[in-house]
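Order of the sequence lines sets the chain letters (A, B, ...), proteins ahead of strands, with each chain counted from 1.
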Amino acid sequence: MNLQDNLELQVKSAIKTLFDAELESVEFQATRKEFAGDITVVVFPMLRVVKGNPAVIGEQVGQYLQDNVAVVKGFNVVKGFLNIEIADAYYVNFFNGIKGEKNYGFAEVKGNKAIMVEYSSPNTNKPLHLGHIRNVLLGYSVSEILKASGKKVYKTQIINDRGIHICKSMLAWQRFGEGESPESAGLKGDKLVGNYYVKFDKAYKNEIAELVKSGVSKDEAEKQAPILLEAQEMLRKWEGGDEEVVALWKKMNGWVYEGFEKTYKEIGVDFDKNYYESDTYLLGKEFVAEGLRSGVFYKKEDGSVWCDLTEDGLDEKIVLRSDGTAVYMTQDIGTAIQRIKDYPDVGGMVYTVGNEQDYHFKVLFLILQKLGFDWAENLFHLSYGMVDLPSGKMKSREGTVVDADDLIEEMASTAEEISEELGKLEDYSEADKKELYKTIGLGALKYYILKVDPKKRILFDPKESIDFQGNTGPFIQYTYARIQSILRKAEIEDISVDEIELHEKEKQVIKQLAQFPEVIQNAADQHSPALIANYTYDLVKEFNSFYQNVSILGADSELEKGFRVALSANVGHAIKNAFSILGIEVPERM
RNA sequence: GGUCGCAUAGCUCAGCUGGAUAGAGCACCUGCCUUCUAAGCAGGCGGUCCUAGGUUCGAAUCCUAGUGCGAUCACCA
């Protein structure tokens with residue numbers, strides 16, 4: 001039983017004994033630094049069942065605890081706050097319990113239901129950008145956090161491989177490409193296809209301008225531009241299975257997938273399974289027909305199929321066009337069902353998608369419930385805020401995007417500049433240096449994005465580079481590296497320490513360490529890597545303060561030295577584990 | 001217009017189910033490298049927690065209204 005649970009029981013029995021009253025719960029908080037004590041009981045809520053002066057009640061409860069609980073060695077009362085001092089032995093004992101535990105913080109997998117996390121849903125007509133990076137980092141981290149909290153997790157993505165967007169790139173390539181390929185151009189496939197998407201847009205705009213000049217209204221021109229009509233025709237051909245179009249579609253999508261794979265690999269994320277909308281939209285259609293039979297949906301005169309959600313406070317939603325073709329919703333219905341078919345142990349799903357789609361997912365979940373799937377109760381939209389630039393939204397067509405690959409490279413080269421300046425890596429090989437710069441650069445980027453609450457939007461200014469000092473990834477990596485340095489030098493056998501007087505800084509570190517498992521559970525419940533990031537930062541701050549104020553290798557006794565080395569090692573494990581569920585690597589040196 | 005989200009120091013962000021004098025980092029200012037890596041430590045400066053009401057012993061936190069910003073309400077995805 002942990003300290004707080006134990007104290008809760010004791011406080012309850014104190015109230016019972018002293019005042020013959022029943023307490024529902026006890027409110028605890030960490031004791032503020034300016035007061036003596038380790039944990040604080042808030043007396044005010046007790047006034048509901050015990051009448052009296054909170055300071056006096058605090059005194060009495062405090063005395064009771066001191067008399068009856070071994071680990072309570074003292075107390076003081078400030079206003080309605082009972083500050084309890086805990087004996088060092090408790091913390092030493094706790095530490096001995098977790099000493100050397102490499103997996104500290106991680107829970108065992110329990111239950112037989114798995115969660116599927118979707119965390120990427122790219123269109124195949126353009127490369128990944130900073131917005132995708134946030135999406136991917138968030139989802140990957142939430143997957144790892146869920147695993148660490150004891151859940152079985154499948155990671156997946158949905159690739160939006162069909163539709164007018166890819167036809168535009170295909171058409172532009174046909175027209176202007178002259179057979180260009182990633183190999184011939186020396187370009188990543190996604191970049192190449194993205195270029196043709198931009199080329200399409202240029203040609204399209206030119207045609208609109210021409211039409212407007214010849215007297216057509218702008219609205220009309222946007223609808224009539226020949227190149228657009230041709231792209232639409234191409235989409236129809238694709239849906240009709242036209243061999244030539246399908247072959248081109250396969251070829252260009254293949255280029256894009258290769259490019260995506262490279263980027264994912266650079267970022268360091270992976271998927272257990274990929275889904276393609278071209279595979280799942282048909283299943284969606286089947287279930288629309290099914291829903292039509294069961295009365296969940298209804299058909300309008302023009303043949304389009306709708307779901308009436310007005311009773312749920314929402315609007316009517318189209319699930320199938322009048323010409324019988326699928327809409328976004330159709331595909332998502334199909335994809336969800338397909339996933340459960342493929343993985344019957346999945347009991348819930350998490351969709352990592354931007355908050356611009358809040359409404360869409362509200363509707364999707366409701367429709368799946370109406371269709372009667374029991375797992376539809378356990379769907380969660382992990383909705384995150386957009387990443388905006390000072391100039392506003394990122395737009396691929398207008399070239400105002402921060403490209404994912406470029407950004408990762410820039411981060412590494414910033415890390416290189418800083419490292420070179422500090423000059424601590426003289427004896428490193430070029431290859432090792434390069435590896436390290438990548439670790440640090442990516443660490444900075446990932447931490448920068450993950451430390452903020454997912455639902456808040458991020459304003460990213462490319463001119464102001466991401467920090468490497470203070471509350472940053474590299475700061476935490478640096479602390480880890482210093483710990484490893486100590487461990488390399490320590491040459492200490494495993495010493496068991498039962499009785500030792502703790503230095504204040506040591507106690508603070510142990511307290512912080514003790515919270516880790518709970519923080520993971522919290523982060524899992526709230527789907528928030530930010531909680532992990534902030535926790536890690538606090539832990540590292542405590543450790544650094546300890547490190548700078550207390551000599552570890554120069555401790556007065558072998559016993560103390562051994563204890564401090566072991567404590568440092570455990571902080572190292574916690575940092576490494578915390579960062580691993582953020583998807584960030586830690587270096588042995590830096 | 002309806003709905004949803006956000007608003008805390010000059011900037012970037014914490015603040016858990018309501019609890020003590022609202023915390024960090026960056027920036028600015030002071031100290032600390034002859035001792036385990038100074039990407040660090042110790043300290044200083046800096047706040048109308050958007051506004052107004054309400055609930056409560058107690059509100060940055062909960063409720064109501066308003067303001068500002070963003071998103072969304074397509075036979076687009």
Side-chain angles (χ1 to χ4, degrees), chain A residues 25 27 29 31-32 34-35 40 42-45 47-48 54 78-81 83 121 123 160 162-165 277 300 302-306 313-315 317-329 331-332 354-360 362-363 383 385-386 388 393 415 418-419 421-422 424 440 444 448 451-453 455-459 461 464 466-479 481-490 518-519 522 525-526 530-531 533-534 537-538 540-541 544-555 561 564-565 568 589-590:
Chain A
S25 64
E27 198 173 317
Q29 59 183 288
T31 305
R32 295 179 68 106
E34 56 267 43
F35 303 109
T40 294
V42 187
V43 180
F44 298 107
L47 299 179
R48 271 186 266 276
V78 181
K79 292 191 235 171
F81 296 91
N83 302 318
S121 41
N123 286 359
N160 185 17
R162 61 173 221 113
I164 191 74
H165 55 274
E277 288 187 339
K300 287 194 178 174
D302 61 7
S304 56
V305 179
W306 297 73
L314 304 173
D315 299 325
K317 191 73 191 176
I318 188 159
V319 292
L320 202 65
R321 289 196 190 95
S322 55
D323 63 1
T325 58
V327 292
Y328 188 36
M329 192 60 73
Q331 304 177 152
D332 272 5
N355 63 11
E356 55 194 354
Q357 296 196 35
D358 286 354
Y359 183 74
H360 172 77
K362 211 184 259 182
V363 171
S383 164
M386 295 287 103
D388 292 325
K393 247 191 138 160
I418 294 174
S419 297
E421 215 172 291
L422 293 170
K424 295 180 185 176
I440 297 171
Y448 176 84
K451 77 170 178 183
V452 325
D453 185 326
K455 65 177 179 287
K456 291 197 175 172
R457 93 186 176 120
I458 292 181
L459 198 86
D461 189 345
E464 281 180 44
I466 292 173
D467 268 321
F468 283 66
Q469 281 168 14
N471 188 359
T472 66
F475 166 69
I476 292 165
Q477 290 173 321
Y478 175 69
T479 302
R482 287 211 295 201
I483 290 172
Q484 301 319 302
S485 171
I486 284 185
L487 298 181
R488 280 191 296 270
K489 290 177 184 169
E518 197 186 325
V519 169
N522 248 327
D525 293 344
Q526 297 184 40
L531 296 180
N534 286 314
Y537 177 61
D538 289 337
V540 161
K541 262 201 315 190
N544 276 333
S545 180
F546 160 67
Y547 175 92
Q548 210 92 12
N549 288 288
V550 179
S551 183
I552 297 167
L553 298 180
K561 182 174 157 187
R564 288 174 186 171
V565 169
S568 303
R589 284 182 52 187
M590 70 185 273

### Message
Using a heavy-atom cut-off of 4.0 Å across all strands, would you classify A:V550 as base, sugar-phosphate, or nothing?
### Response
base
### Task
Have a look at B:C33 and give me syn or anti from its glycosidic angle (syn if within 90° of zero).
syn
### Message
Can you confirm if the aromatic rings of A:F81 and A:F35 lie within a centre distance of less than 6.0 Å?
### Response
no
### Query
Are more than 12 heavy atoms from other residues, nucleotides or ligands located less than 6.0 Å from atom CD of A:E34?
yes
### Assigned partner base of B:U72, Watson-Crick or wobble definition, under 3.5 Å
B:G2
### Message
Please tell me if A:K489 has a side-chain N or O lying less than 4.0 Å from either OP1 or OP2 of B:U37.
### Response
yes
### Query
When you look at CD of A:E518, are more than 12 heavy atoms from neighbouring residues, nucleotides or ligands closer to it than 6.0 Å?
no
### Task
Name the nucleic acid region contacted by A:F475, choosing base, sugar-phosphate or nothing; use a 4.0 angstrom heavy-atom cut-off, strictly under.
sugar-phosphate
### Query
Expressed in whole Å, how much space separates the C1' atoms belonging to B:C50 and B:G68?
8 Å
### Query
Rounded to the Å, how far apart are A:E421 CD and B:A38 P?
16 Å
### Summary
In whole angstroms, the gap separating C1' of B:C76 from CG of A:N160 amounts to 11 Å
### Query
Does B:U61 have a Watson-Crick or wobble mate here (both distances under 3.5 Å), and if so which one?
none
#### Entry: Inter-nucleotide C1' distance (B:G43, B:G25), Å rounded
16 Å
### Query
Below 4.5 Å, heavy atoms only, C-beta onward: do A:I440 and A:Q477 meet side chain to side chain?
yes
### Query
In whole angstrom, what separates A:R48's CZ from B:U56's P?
12 Å
### Query
Atom OH of A:Y448 and atom OG1 of A:T472: how far apart are they, to the nearest 0.5 Å?
12.0 Å
### Message
Of the listed nucleotides (B:C73, B:A77, B:U37), which one gets closest to any side-chain atom of A:Q331?
### Response
B:A77
### Message
By the 4.0 Å heavy-atom rule, please label A:I552 as base, sugar-phosphate, or nothing.
### Response
base
### Task
Using the P atoms only, state how far B:C63 lies from B:U56, rounded to an integer number of Å.
16 Å
### Query
Looking at B:U3, B:G40, B:U21, which one has an atom nearest to any side-chain atom of A:N544?
B:G40
### Query
So what does A:N83 touch, heavy atoms closer than 4.0 Å: a base, only the sugar-phosphate, or nothing?
base
### Task
For B:U3 versus B:G47, give the span between their C1' atoms, rounded off to a whole number of Å.
33 Å
### Query
What does A:E27 touch in the nucleic acid at a heavy-atom separation under 4.0 angstrom: a base, only the sugar-phosphate, or nothing?
base
### Task
For B:G15 versus B:A7, give the span between their P atoms, rounded off to a whole number of Å.
10 Å
### Query
Counting any heavy atom closer than 4.0 Å, what does A:P45 reach on the DNA or RNA strands: base, sugar-phosphate only, or nothing?
base
### Query
Touch check for A:S545, heavy atoms < 4.0 angstrom, all strands: base, sugar-phosphate only, or nothing?
sugar-phosphate
### Task
Return the nucleotide paired to B:C50: Watson-Crick means purine N1 to pyrimidine N3 with N6-O4 or O6-N4, wobble means G-U with N1-O2 and O6-N3, both under 3.5 Å.
B:G66
## Note on the structure
Quick note, A:A481 side chain, CB onward, closest among B:A77, B:U37, B:A39 is B:U37
### A:K362 NZ - B:G2 C1' separation (whole Å)
12 Å
Might you list the N or O atoms of the protein lying below 3.5 Å from N or O atoms in nucleotides 5-11 of chain B, with each pair's distance?
unit_1: B:A7; atom_1: OP1; unit_2: A:K456; atom_2: NZ; d: 3.1

### Query
The side chain of A:N123 lies closest to which of these nucleotides: B:A77, B:U37, B:U3?
B:A77
### Message
Need one value for A:S419: base, sugar-phosphate or nothing, where a base atom within 4.0 Å counts as base even if backbone is also close, heavy atoms only.
### Response
base
### Query
Which part of the nucleic acid, if any, lies within reach of A:Y478 when heavy atoms closer than 4.0 Å are counted: base, sugar-phosphate only, or nothing?
base
### Task
Would you indicate, yes or no, if B:G23 has its OP1 or OP2 atom less than 4.0 angstrom from a side-chain nitrogen or oxygen of A:R32?
yes
### Message
Let's test your reading of the model: under 3.5 Å, does the base of B:A74 pair with the side chain of A:D315 as donor and acceptor?
### Response
no
### Query
According to the Watson-Crick and G-U wobble definitions, with both distances under 3.5 Å, which nucleotide is paired to B:A20?
none
### Flag side-chain contact, heavy atom, 4.5 Å: A:Q484 against A:M590
no
### Summary
By the Watson-Crick or G-U definition, both distances under 3.5 Å, B:C26 is matched with B:G10
### Query
Under 4.0 angstrom, heavy atoms only, what part of the nucleic acid is A:E34 near: base, sugar-phosphate, or nothing?
nothing
### Task
Under 4.0 Å between any heavy atoms, over every strand shown, what does A:M386 touch: base, sugar-phosphate, or nothing? Just pick one.
nothing
### Query
Roughly how many Å is it from OH in A:Y328 to P in B:A74, rounded to a whole number?
15 Å
### Task
With side chain to side chain donor-acceptor pair (under 3.5 Å) as the test, would you mind laying out the steps for A:T479 and A:N544 before giving the verdict?
CA-CA 7 Å; A:T479 302; A:N544 276 333; 3.1 Å; yes
### Query
Expressed in whole Å, how much space separates the C1' atoms belonging to B:A71 and B:A77?
16 Å
### Query
Considering only side-chain heavy atoms of A:I486, which listed nucleotide, B:C57, B:C36, B:A20, is closest?
B:C36
### Task
Identify whether any heavy atom of A:I440 sits under 4.0 Å from a base atom; if not, whether one sits that close to sugar-phosphate; answer base, sugar-phosphate or nothing.
base
#### Entry: Whole-Å distance separating the CD1 atom of A:I418 from the C1' atom of B:U37
16 Å
### Query
What distance, rounded to whole Å, do you find between the two C1' atoms, one in B:A9 and one in B:G46?
6 Å
### Query
Which nucleotide in the set B:C36, B:A39, B:A20 lies at the smallest distance from any side-chain heavy atom of A:T40?
B:A20
### Message
From the set B:C57, B:C36, B:G40, return the single nucleotide nearest to any side-chain atom of A:R482.
### Response
B:G40
### Query
How does each nucleotide of nucleotides 24-32 of chain B score, in 5' to 3' order, for protein heavy atoms under 4.0 Å: base (B), sugar-phosphate only (S), or none (-)?
SSS------
### Distance in angstrom units between A:D388 CG and B:U12 P, rounded
13 Å
### Task
Between B:A38 and B:U67, how far apart are the C1' atoms? Round to whole Å, please.
47 Å
### Summary
Residues at least two apart in sequence or cross-chain that pass side chain to side chain contact (heavy atoms under 4.5 Å, CB included) with A:N355, listed by chain then number, are A:D358, A:S383, A:M386
### Query
Could you state the NZ-P distance from A:K424 to B:A38, rounded to the nearest angstrom?
6 Å
